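Contents: one structure, followed by commentary.
All of these numbers come straight from a predicted model, not from anything done at the bench. Numbers here simply count residues along the sequence, with the first being 1.
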Amino acid sequence: MDLDRLAARLTADPTSASVADVGMLAVLARAGDRPEDGLAVVGALLPGAEGAVRAALFHARARLRSYGGDMAGRLNDLCEAREAAERCGDVRGTALALAELAFPIGETLPLRIRADYGRRAVRLARRCGDPLVLALAHANLALTELNLGDEAAGFRHWARAGAALPVPDSVVSADVVHRVAANWVEAAVTFGRYAEARAVIDRVRGWPDVDRLVRPDAAMLAWRTGAWDDALAELSGSATTRLPGPSTMAGLVRSAIEFERGSGALDPGARFTEVGADITSCVAIAVQVRIRARRREPWPARDAETSLGLVHATRQRVGWPEVWLAVVEVDPAAATEWAERLADLWPTGRRDTIVRRHGTALLLSRDDPESAYRDLLGVAADYRRLDEPWSEGWALRHAADAGAAARLPRGTLAEAVDGAAEIFRRLGADRSLAELLRAHGDRRALRSVPLPSSQRRRTSPGLTPREEEIAMMAARGLTAALIASRLDLSPGTVRKHLERIRAKLGIERKHELVELFRSRT
């Protein structure tokens, strides 16, 4: 059933609405990128609704509000859903509302209160006997425990969520199963628990309406562990989706790999309208910061500091160290300040500990590059044991940079340079290989790296010399016609150049171009 047919039936006879219908309405509106239409139907049904259906309508409205970024409205609706369910003795509805309130992203609820909601949700879910609600309650409590700094408790609840998770029998149940599985995989990857992430992916393979939605998370796992061709295969064909979380994950993985293999553009799915502190946001922001910096864009960390500010405000403990490491690479002074401000929020998981050592060694390289060289070799070895080759390669590249700054003999640097080059060749990371060889290797070997000539040259943010010239003129306010007349080009050719420039810079409007080039115009 599509959204329009369901909406027409429910608005024609509001008294016929059931809990199942309301759940279907929310899922169809989200999946079809039509939250406003779903909200309109919910608003029309609420005045005459009673009991469990009224609770379900408030819950549906909360889901749709979160899709549109109205997290305060989400919180209010979930509280209304809980009260409506409690009034009519709807144990399942009460458990579901409490489980959603336990999710540790979005509002200003303290994490301890969220954890209490999560535990109450688990107890009520056991009473009502609904495995989907029980799985969701354990899953959201798991995320809250991780953000409270208790990794053992967090993954213990993930295991219980998995034990409760049933094979879906409807689109609504598939939506819940996908949320549980995707959040589990993302948390496991963030903590470097790759075997656990693979087990979750393998378990839901082939499940109706779930397999397609978790493929972006499977791609993230493959990307992080160096199986880049497998990651791109996961994202082909049926892996496409319009849901914001999966589409963003798919976009960032595709962007990261294709950038390394020659593309200058940022995949539209990886662009953010709002910067967040959740796992997906943090991974995407780290990818974008690195791409901007390596294209030599102005202010590459512009979103990262906003995200770290949200981490500080909301006390999040999951995902943000990767953003901090990206800031270390482009703005050491800002990274040092953030390390101090966020010192009490550092996660203690294995991977986050390695990331912290990596960033600390990079900061040390400014004052004591020889010590940093040794530390970075140790970080690379840690990444190798974690089965994370791209991160290992870049730790070796950073070690080579520190060793060169310390004026170590080229023979001493060979361990880092040759090790990084071998990893980059194996991954097909042509851009990283070219940068490494340009800085430390035989320049004759650079000619063997399959990058376009325009990307071998040190031009401003990934642009060709002609594109940079046109971008600067456009940033000064010149129209396409004026640029064409000054450069002896046709206006159509200039417009095509501007389209490519916007794609490479990941921007859509002229004022964004002006902001990026303000310091140079």
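- With sequence neighbours left out, the side-chain hydrogen bond (donor to acceptor under 3.5 Å, both in side chains) criterion links Arg495 to no other residue.
- At a threshold of 4.5 Å between non-hydrogen side-chain atoms, the residues Cys282 and Ser307 count as touching.
- Under a cut-off of 6.0 angstrom, the local environment of CZ in Arg486 is sparse, with at most 12 non-hydrogen atoms contributed by other residues, nucleotides or ligands.
- A salt bridge does not link Arg212 with Glu234: every distance from a Lys NZ or Arg NE/NH1/NH2 to an Asp or Glu carboxylate oxygen is 4.0 Å or more.
- The closest donor-acceptor contact from the side chain of Ser365 to the backbone of Leu362 lies under 3.5 Å.
- Looking only at side-chain heavy atoms (C-beta outward), Leu39 and Tyr67 stay at 4.5 Å or farther from each other.
- The line from CZ of Arg431 to CZ of Arg294 is 6.5 Å long, rounded to the nearest 0.5 Å.
- Counting all heavy atoms, side chain and backbone alike, Ala293 lies closest to Pro300 at N-CB, 3.7 Å.
- Listed for the Asn183 side chain is a donor-acceptor partner under 3.5 Å among the backbone atoms of Arg179.
- Side-chain contact annotation: Thr306 with Asp303, donor-acceptor N/O pair under 3.5 Å absent.
- Side-chain contact between Asp175 and Arg30 is present, with heavy atoms from C-beta onward closer than 4.5 Å.
- Proximity of Ser391 to Arg351: side-chain heavy atoms (C-beta onward) are separated by under 4.5 Å at one or more points.
- Between Arg34 and Asp4 there is a salt bridge, since a side-chain N of the basic residue sits under 4.0 Å from a carboxylate O of the acidic one.
- Counting heavy atoms from C-beta outward, Ile291 and Val287 have side chains that approach closer than 4.5 Å.
- A salt bridge links Arg261 with Asp229; the closest basic N to acidic carboxylate O contact falls under 4.0 Å.
- Of all the heavy atoms in Ala304 and Val323, the pair that sits closest is CB-CG1, 3.6 Å.
- Residues Glu469 and Arg466 are paired through a salt bridge, judged by an N-O separation under 4.0 Å between the basic side chain and the carboxylate.
- Nearest heavy-atom pair across Ala231 and Ile257 is CB-CD1, 3.7 Å.
- Ion pairing between Arg374 and Glu370 holds under the 4.0 Å rule for side-chain N and carboxylate O.
- Arg290 places a side-chain heavy atom less than 4.5 Å from the side chain of Leu325.
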Does the salt bridge (charged side-chain N to carboxylate O under 4.0 Å, His left out) test come out yes or no for Arg357 and Asp382, once each step is laid out?
CA-CA 10 Å; Arg357 287 185 57 211; Asp382 288 339; 2.2 Å; yes
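- Rounded to the nearest 0.5 angstrom, Arg315 CZ and Leu111 CG are separated by 9.0 Å.
- Distance OG1/Thr336 to CZ/Arg341: 13.5 Å, rounded to 0.5 Å.
- Proximity of a side-chain donor or acceptor of Trp228 to a complementary backbone N or O of Trp223 within less than 3.5 Å is detected.
- Within the 3.5 Å criterion, the main-chain N or O of Leu308 finds no donor-acceptor partner in the side chain of Trp338.
- A salt bridge links Glu392 and Arg384; the closest N-O separation between the charged side-chain nitrogens and carboxylate oxygens is under 4.0 Å.
- Taking 4.5 Å as the limit, some side-chain heavy atom of Leu28 sits within range of a side-chain heavy atom of Leu6.
- Of the possible donor and acceptor atoms, one in the side chain of Ser236 sits under 3.5 Å from a partner among the backbone N and O of Ala233.
- Side chain of Asn147 to main chain of Arg317: a donor-acceptor pair is present (N/O by atom type, distance under 3.5 Å, no hydrogens or angles).
- Although no hydrogens or angles enter the test, the distance criterion places no donor-acceptor pair under 3.5 Å between the side chain of Thr493 and the main chain of Leu489.
- Note that CG of Leu363 is 10.5 Å distant from CD of Glu329, once rounded to the nearest 0.5 Å.
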Quick one: do Tyr373 and Leu413 satisfy side chain to side chain contact (heavy atoms under 4.5 Å, CB included)? Show the steps, please.
CA-CA 9 Å; Tyr373 170 76; Leu413 296 183; 3.9 Å; yes
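- Using a 4.5 Å cut-off on side-chain heavy atoms (C-beta onward), Val41 and Asp37 make no contact.
- Closest heavy-atom contact between Glu305 and Ala334: OE2-CB, 3.5 Å.
- The aromatic rings of Trp346 and Trp320 sit tilted relative to each other, their planes meeting at an angle between 30° and 60°.
- With a 6.0 Å cutoff to the six-membered ring centre and a 45° limit on the axis angle, Arg224 does not count as a cation-pi contact of Tyr194.
- A donor and an acceptor atom, one from each side chain of Thr225 and Glu388, are nowhere located under 3.5 Å apart.
- Rounding to the nearest 0.5 angstrom, the gap separating the CG atom in Leu64 from the CG atom in Leu25 is 7.0 Å.
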For a side chain to side chain contact (heavy atoms under 4.5 Å, CB included) check, start with the C-alpha distance between Leu45 and Val42, then their side-chain angles and the critical distance, and finish with the verdict.
CA-CA 5 Å; Leu45 296 176; Val42 170; 5.9 Å; no
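- In this structure a side-chain-to-backbone donor-acceptor pair under 3.5 Å is missing from Thr412 to Leu408.
- Partner Asp70 forms a salt bridge (charged side-chain N to carboxylate O under 4.0 Å, His left out) with one of Arg65, Arg61, Arg63 and no other, that one being Arg65.
- When all heavy atoms of Pro389 and Arg426 are compared, the closest pair comes out as CB-NH1, 4.2 Å.
- In summary, Asp401 and Arg397 engage in a salt bridge, as defined by a charged side-chain N under 4.0 Å from a carboxylate O.
- Of all the heavy atoms in Ala420 and Gly393, the pair that sits closest is CB-O, 3.5 Å.
- Formation of a donor-acceptor pair under 3.5 Å by the His398 side chain with backbone atoms of Trp394 is found in this model.
- One finds the CE atom of Met71 at 10.5 Å from the CG atom of Leu109 (value rounded to the nearest 0.5 Å).
- For Asp211 and Arg215, the salt-bridge test passes: some basic side-chain N is under 4.0 Å from an acidic carboxylate O.
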Stepwise side chain to side chain contact (heavy atoms under 4.5 Å, CB included) test for Leu487 and Ile483:
CA-CA 6 Å; Leu487 299 180; Ile483 295 172; 3.8 Å; yes
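- The backbone N or O of Pro104 sits less than 3.5 Å from a side-chain atom of Gln316, completing a donor-acceptor pair.
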